[in-house]
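What follows is a short report on a single structure.
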Amino acid sequence: MYDLNDLNPAQREAVELMEGPLLLLAGAGSGKTRVLTHRVAHMIGQGIDPWSILAITFTNKAAAEMRERITSLVRSEGKGLWVGTFHAVCMRILRMEVEKLAGYGRSFVIFDTADQMALLRAVLKELNIDEKRFAPRALLAAISNAKNKLWSVSDFELQAGDFFEKMAARVYGAYQEKLFANNAMDFDDIIMLTVRLFREYPQVLGYYQNRFRYILVDEYQDTNHAQYVLINLLAERYRNLCVVGDDDQSVYGWRGADIQNILEFERDYPEAAVLKLEQNYRSSGSILAVANAIVRHNRGRKEKALWTQKGDGERVAVHRAADDVEEARFVVDQVLGLRDELGLNYGDFAVLYRTNAQSRGLEERFVRAGAPYRVYSGVKFYERMEIKDILAYLRFIYNPTDMVSFRRVVNVPRRGIGDTSVQKVLEYVEGRGSGSGYEEGMGAGSGSGVRTHGVSGTGTGEQILFLELLASPPEDMGLQARAVKALKGFAELVQSLREAAETGGTLTGLTRMVLEESGYWEALKADGTPEGEARLENLEEFLNVTAEFDEHAAEYLEDLELDPEQNLVLLGGFLERVALVADIDAYEDGEDVVKFMTIHSAKGLEFPVVFIVGMEEGIFPSSRSVMEPALLEEERRLCYVAVTRAKERVFLLHARRRMRFGRTEPGVPSRFLEEIPARLKDEDKDKGYKSSQSSRLSRSRDRIGEGGTGSSGSEGKTVGDWRSRGTPVAPVAAGAFGSEGSGGSSGAAGALRSGGSPGAAGSMESESRGQDLPQMAYHVGDRVIHPSFGQGIVMSCRNEGGEDVVTVVFAGEIKKLIVAYARLEKV
DNA sequence: TAACGTTCTTTTTTT
DNA sequence: AAGAACGTTA
């Protein structure tokens, strides 16, 4: 049971003040989650029906954590409570009510960024708009912006100032029409259309207003206008709205988040109580001082004074590395050293960076050192070709109006339905389908009018129309006989899979069926290349994901109040989950590995030791922000978030030179480093762990031929600068590559890459700089490893036209490779 | 129609 | 450096 005595006075007040609006300004590490969970538990303890409580978070992870912690406080008494992200909550509402939005069907699907892109490009093609002049990405961003502001197409047209915006408004209309015809929504639609539903159907809004008498919103500083409106509509009646946030941690402006929402809460709710949580329980005094010193440079923030009872602890270390390679090496050395010296676990360390691309170099170093790590990256797994393919199959089975998925799978594996044929089909459908009826009302405005749907449509009946069309393509479609036959076969395939899905059974069973009956599996097995192998492994991994879903399907559906008997509900639930659940949600605290992630992903997490790498102008702060004060402030807040993740130790790293876009560029230390007073920094002195022992250790793990990178090595006495350690030694015995082993995939769960995966072991540095090296001789009989061919043995070496060429026998194939370019590593 | 080769862009951050 | 996009060839 929850115990209010565990809370400090401010926290306790925040828990006990249940009625009326409340703004809770919770600094980093101030026990915010604790307050939120206790608050809900307290409400339930005081007799408030959990059924009438809605708690909204930003990430699925936060939602899961909150639910778990509440459950542990109130046991089973929490039944009926809604905890979820904005998107999950809206989906839940839309699932029940979407058919009120004339034209959308129950089995609508969510289009992710790649789908949006594909759809938009189709639109641009139709409108004859040149992609070179109007970058699809920029157009999508503009459309997303409009949606976040709840602008309808005509709103956007009215607002549009310059030529680009006018074009974007026009594209918005066509894009939206196409989404609609596909019975699909993008991420922004999920919020926008829920708002529209509420506005157009007061009785629906009324139901939810009455139900959710108590509303809590976490990370309020990250809400955008659409989310803001949504919340305020829901809270209008009872005004029991508790928002929690920290303006210093607002880092989603680029996604439309409006920091004003939190800054002006008191204007919106004049009767609101305002409480501040200022005691930090997470970080040492030194860390807090640095974080405060940085964020102080922002204007327009609510002044607050975070404090801690903890001692100062170690000073924050700032390390200047010679280059990106050395930066990565420094991190590994520190991890290994601190682990030994302080008895820390790998799991106590996190490496944070501004962009996902920065993980690669670090990974190489960790693989080599045999230090276990895991990359928590955005979407990687679901971006893989084969995963997208199988998902497209599943989506098309679920919603046979989804032309994006149709396009993707219709000729995969090859069925002899080429681009020309597909184009003809799509044009035929377009010609019949589109037209009037849409124009207005996709925004928040009133969307009256009947929409015409040609073939694609919404009701189950209409949906099958497209499949029927494929099953017997009319003459005037102009297809070749061969294509007609192939198309028929495809239609039958999908139809039979759809029937199988309707009959029930597990998702895993269905997926296997898709893979087998489509011939996808077979084609991939016949492929025989290492890439094909990796793809097969990824599909196996995907089947693990579906199996996991199957296992928890019952409770998942029950939780969402979905009827498992209903047709395709399992498939729909899975697709929704895949679309909305990011990989960071798979974050496991218990795992004893070093965690790599972006700072955005790290928000809400904490670690004993934090490394922040790439602290250079143009990287962090990002080059796009430096000219724009508002953006720069957001970068600074991001830096604040990064530093405040740490409990004990922080290492800030920057490099004098860095490989970017394939070339070496000079690095200028981040201005954020300058903003830290000298007395708070421990600059490039001996910090953390560093001994000759560790140097030797790390050197023995170096790459082949290291030490001749061609860079002039006269840079001062950077701590840990490998150049000071003299000339390179010859490659060492097997085992130097740690856990890399045979290079077989460890099949990281979900989208997570982890140490030991073939991809990570792949690109060795010798590949990029090998030409500069005094090339290590490759002797006949040497065992070598290649990122895609795997292990092999050198059969011959000679010099052809000035290039060292080796012949290597790999498993199953013999290759002639030019040493300077081949990504070969001696084992 | 598909496979291949060359040129070009890419790096924010995520639901 | 790596991947996508585009154009050329079998």
Side-chain angles (χ1 to χ4, degrees), chain A residues 56-63 84-91 110-114 116-117 121 131-132 135-137 141 144 147-148 185-191 219 222-224 226-227 250-257 324 352-361 364 376-379 382-383 385 411 414-422 480 482-483 486 576-585 597-603 614 618-626 631 634-635 637-638 641-642 658-665 759 762-765 767-769 787 821 823:
Chain A
I56 298 183
T57 62
F58 252 80
T59 64
N60 293 288
K61 183 187 179 308
T85 63
F86 272 102
H87 290 85
V89 166
C90 286
M91 277 300 289
I110 300 169
F111 271 13
D112 67 17
T113 318
Q116 292 181 52
M117 191 62 89
R121 298 181 74 165
E131 286 188 17
K132 299 255 156 51
R137 282 178 56 115
S144 173
K147 290 186 178 186
N148 288 158
M185 293 184 191
D186 63 20
F187 289 125
D188 303 314
D189 280 342
I190 295 171
I191 313 292
E219 308 279 15
D222 286 331
T223 49
N224 63 36
Q227 291 163 334
S250 163
V251 292
Y252 283 98
W254 51 275
R255 217 168 77 186
D324 47 334
L352 309 183
Y353 34 77
R354 179 68 239 273
T355 66
N356 277 306
Q358 288 168 261
S359 71
R360 177 174 269 135
E364 288 179 15
Y376 294 84
S377 77
V379 275
Y382 291 106
E383 271 176 10
M385 185 174 82
N411 200 30
R414 304 255 138 78
R415 300 187 172 89
I417 308 173
D419 273 351
T420 328
S421 307
V422 174
Q480 290 181 339
R482 195 167 59 128
E576 177 184 326
R577 210 180 146 78
V578 167
L580 291 183
V581 176
D583 298 331
I584 186 68
D585 300 318
M597 64 184 85
T598 63
I599 302 168
H600 281 88
S601 296
K603 197 160 171 233
I619 295 177
F620 192 24
S622 95
S623 53
R624 316 205 170 194
S625 70
V626 289
L631 296 184
E634 180 151 313
E635 296 285 309
R637 290 192 292 269
L638 198 55
V641 168
R658 181 179 299 276
M659 274 284 254
R660 266 185 109 197
F661 300 118
R663 39 186 63 254
T664 302
E665 293 173 358
S763 40
M764 299 303 178
E765 288 132 21
E767 120 204 17
S768 57
R769 302 176 190 184
Y821 301 114
R823 299 182 274 175

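So that the names make sense, note that chain A is the first sequence line, chain B the second, and so on, each numbered from 1. None of these values were measured; they are calculated from a predicted model.
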Fill in the blank from the handout: Rounded to whole Å, CD of A/E634 lies from P of B/dT14 at a distance of 12 Å
Problem - Gap between atoms CG and C1', on A/L580 and B/dT15 respectively (whole Å) - result: 7 Å
Taking only the side-chain nitrogens and oxygens of [X], find out if one of them lies under 4.0 Å from OP1 or OP2 of [N].
X: A/N60; N: B/dT14; result: no
X: A/T85; N: B/dT14; result: no
X: A/S622; N: B/dT13; result: no
X: A/T59; N: B/dT14; result: no
X: A/T598; N: B/dT14; result: yes

Where do N or O atoms of nucleotides 3-8 of chain B meet protein N or O atoms at under 3.5 Å, pair by pair?
| unit_1 | atom_1 | unit_2 | atom_2 | d |
| --- | --- | --- | --- | --- |
| B/dA3 | OP1 | A/R414 | NH1 | 3.3 |
| B/dA3 | OP2 | A/R414 | NH1 | 3.0 |

Practice task
Would you kindly say whether A/T113 and A/Q116 are connected by a side-chain donor-acceptor distance under 3.5 Å?
Solution key: no
Handout entry: Straight-line distance of A/T598 OG1 to A/Y376 OH, nearest 0.5 Å
Key = 13.0 Å
Distances under 3.5 Å between nitrogen or oxygen atoms of protein and nucleotides 4-7 of chain C:
| unit_1 | atom_1 | unit_2 | atom_2 | d |
| --- | --- | --- | --- | --- |
| C/dA5 | OP1 | A/R121 | NH1 | 2.6 |

Pairwise N/O distances under 3.5 Å, protein to nucleotides 8-10 of chain C:
none

Handout entry: Centroid distance under 5.5 Å and plane angle under 30°, A/W254 vs B/dT13
Key = yes
